[in-house]
Amino acid sequence: MSEQHTINSSLDENRKFSASKEFSANAHIKSISEYKQLYGHSVKNPEQFWKEQSQLIHWFKPFNKVLEWNKPFCMWFLGGKTNVAYNCLDRHLSTARKNKAAIIWEGDNGETKTYTYQQLHREVCKFANVLKQKNIAKGDRVCIYMPMVPELAIAMLACARIGAVHSIVFGGFSAHSLRDRINDCQAKLVVTTDAGIRGGKIVPLKENVDKSLEECPSVQSVIVSRRANAVSSSNSSSGSAICHMKDGRDFWWDDEMNHENLSSVCDAVEMESEDPLFILYTSGTTGKPKGILHTTAGYLLYTTLTFKHIFDYHEEDTFWCTADIGWVTGHSYIVYGPLSNGATTLMFEGTPFYPDPARFWQVVEKYKVNIFYTAPTAIRALAKEGIEWTNKYDLSSLRLLGTVGEPINPEAWMWYYDNIGKKRCPIVDTWWQTETGGILISPIPGAIAQKPGSATLPFFGVQPVVLKEDGTEAAVNEGGYLTIKYPWPSMMRTIYGDPERFKQTYFSKFANLSETLPASPLAGISAGLYFTGDGARKDEDGYFWLMGRIDDVINIAGHRLGTAEIESALVSHKSVAEAAVVPRPHEVKGQSIYAYVTLKQGVDKTHLLKDELIKHVAAEISPIAKPEVIHFADNLPKTRSGKIMRRILKAIAEGKEDVGDTTTLADPSVVAQLLQTREI
Ligand code: WTA
């Protein structure tokens with residue numbers, strides 16, 4: 001189990017921070033007793049609870065069954081009909097929200113654009129009609145590969161409107177990663193941008209699309225929005241960036257949207273509750289990314305409800321989540337959760353450091369942001385820059401802060417609390433995953449006191465348990481495997497095209513508990529125990545402390561990458577014979593990648609080759625996957641059966657002198673060699 005986040009802190013672990021009386025008095029959930037009462041109801045009578053909450057969204061047709069659970073497969077709100085885009089847009093148009101800002105967009109260089117609900121609705125309807133003209137119908141997959149521009153949200157909502165399934169690929173992924181994701185879901189259409197602009201630099205998105213489409217036979221059309229003012233290669237006299245447009249396949253967004261015959265009327269398709277909404281690929285323990293499938297009604301209701309309570313959203317709030325929509329955080333808490341609540345959501349194209357490390361705070365002041373949600377890695381990086389940057393701007397509009405993506409160390413929590421929230425703002429440390437669709441463990445800010453470094457208590461309807469290897473429940477403060485024992489509405493439904501892997505990955509670890517532990521309270525439901533892949537412990541107050549991944553997934557700056565993915569990228573290089581990748585703690589990113597590489601016979605171990613391998617990984621996967629260290633190793637520690645002992649490699653990378661038991665190794669002397677040559 002990872003020890004990196006059990007940081008020796010000078011803080012008293014049980015020191016609690018509560019919201020002010022005023023905050024709680026105005027909150028949706030005002031006290032711990034109110035939380036406990038509702039939570040108790042939600043787990044004792046889950047079907048009743050979810051039936052009551054289902055009023056939060058609009059149904060074209062009411063459902064007749066709350067949950068059907070054929071472990072581990074679940075279906076929610078059967079018989080019901082709804083539409084996610086209708087809930088995010090149309091239903092607000094007959095209210096005072098019609099002319100309220102839905103999306104405020106802040107560009108990399110400070111330019112800005114605002115879409116009211118009514119304007120956004122019009123754009124979404126038009127783009128939905130463009131998709132239809134390109135032969136996209138309900139159930140077809142559309143791949144979206146874009147930077148943080150408003151057209152990205154428009155494309156998502158347009159898909160949802162007509163029942164097409166979107167698969168968004170983060171704009172930082174390489175052409176190879178894009179190709180694999182397109183092929184896995186057999187996307188028919190790709191929406192992209194000529195190029196992206198981040199931190200003043202141009203990211204060649206369309207070029208990557210062109211490269212990947214050489215090997216993607218399913219794609220029939222590409223729609224290209226303009227961001228970097230590129231011109232088509234057939235007309236390249238103006239000196240702008242060039243964007244090659246393939247005749248008959250590629251179309252400019254503007255040309256399609258400005259077509260005089262294009263209608264701005266497009267009825268939202270009445271979707272069955274369990275119709276797919278989106279696929280989002282995430283890293284697992286094998287090299288092949290998993291297409292996490294989310295469906296319509298359960299996902300919508302859960303993101304709507306969590307957004308309302310965890311961010312204690314009020315009508316007048318301006319909400320800013322700094323994530324990229326290419327990750328699940330952006331799906332659920334930049335687009336769907338906020339818009340379904342009729343909120344104003346800020347969408348930011350840039351980076352925290354451009355043009356200087358005060359950018360976040362400048363944007364907070366500019367738009368008078370009230371709720372700010374970011375990643376611990378950004379907090380740590382900005383804390384290092386010093387408070388002269390935070391003091392430059394007026395942060396008094398803020399009333400609530402949040403974090404997501406990785407455990408936050410108590411020191412970073414305190415820095416955030418003191419310097420950004422000015423000791424006024426509660427912090428919601430929200431634990432969840434691509435697979436969970438929405439936040440599962442988090443403070444509800446007006447009700448649950450926070451302890452720095454703990455995600456605190458479960459959300460309504462969520463029943464986490466910490467289990468030991470033998471399947472029994474861990475004692476208070478004892479570390480173990482975090483599992484969830486009952487489905488919740490936004491739970492992933494399957495891995496796209498691979499239900500067997502879904503079962504295997506998430507439901508096999510404790511599947512036979514009922515036989516081995518007849519007296520366990522979990523007996524009988526063990527086949528439905530969702531295994532998160534995270535380690536955790538629960539303290540005397542029932543608070544959860546997340547301890548990082550316990551499988552072969554590395555969390556770099558809040559981005560998930562599988563060690564197997566990185567290893568296979570390394571091994572695909574002509575000079576590499578074998579590679580083993582492990583995480584090691586990193587002050588800012590949480591974790592970084594330490595790669596052991598064995599070279600083929602006769603290849604020289606040069607610095608140049610190290611650089612080349614690092615670039616190779618960036619090109620194969622993404623720059624975020626770049627190893628921090630490449631350690632050329634003559635041999636790797638293996639058991640007699642040939643299995644690499646990662647535990648030892650991890651200890652060496654972490655700088656430990658004592659690497660533990662080495663007696664089961666085929667050749668224990670390998671360890672001494674590695675210790676001598678390691679890079680700390
Ligand atoms: C980690 C991001 C501790 C965890 C929403 C999880 C966290 C993985 C927290 C999912 C948190 C996320 N405290 N760890 N508040 N939030 N994680 O799928 O290891 O990109 O399993 O979803 O991030 O990453 P994913």
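Counting starts at 1 for both ligands and their atoms, following the listed order.
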Residues in side chain to side chain donor-acceptor pair (under 3.5 Å) with Tyr336, at least two apart?
His166
Which residues pass the salt bridge (charged side-chain N to carboxylate O under 4.0 Å, His left out) test with Glu565, not counting sequence neighbours?
none
If the condition is side chain to side chain donor-acceptor pair (under 3.5 Å), which residues does Lys308 pass it with, not counting sequence neighbours?
none
At a 4.0 angstrom heavy-atom cut-off, what protein residues surround ligand 1?
Val328, Thr329, Val404, Gly405, Glu406, Pro407, Asp429, Thr430, Trp431, Trp432, Gln433, Thr434, Asp534, Leu546, Arg549, Asn555, Arg560
Which label fits Trp327 and Phe170: parallel for a plane angle under 30°, tilted from 30 to 60°, or perpendicular past 60°?
tilted
Note: Asp470-Lys468 ion pair, threshold 4.0 Å (strictly below):
no
Ring-plane angle category for Tyr486 and Trp69, please: parallel below 30°, perpendicular beyond 60°, tilted otherwise.
perpendicular
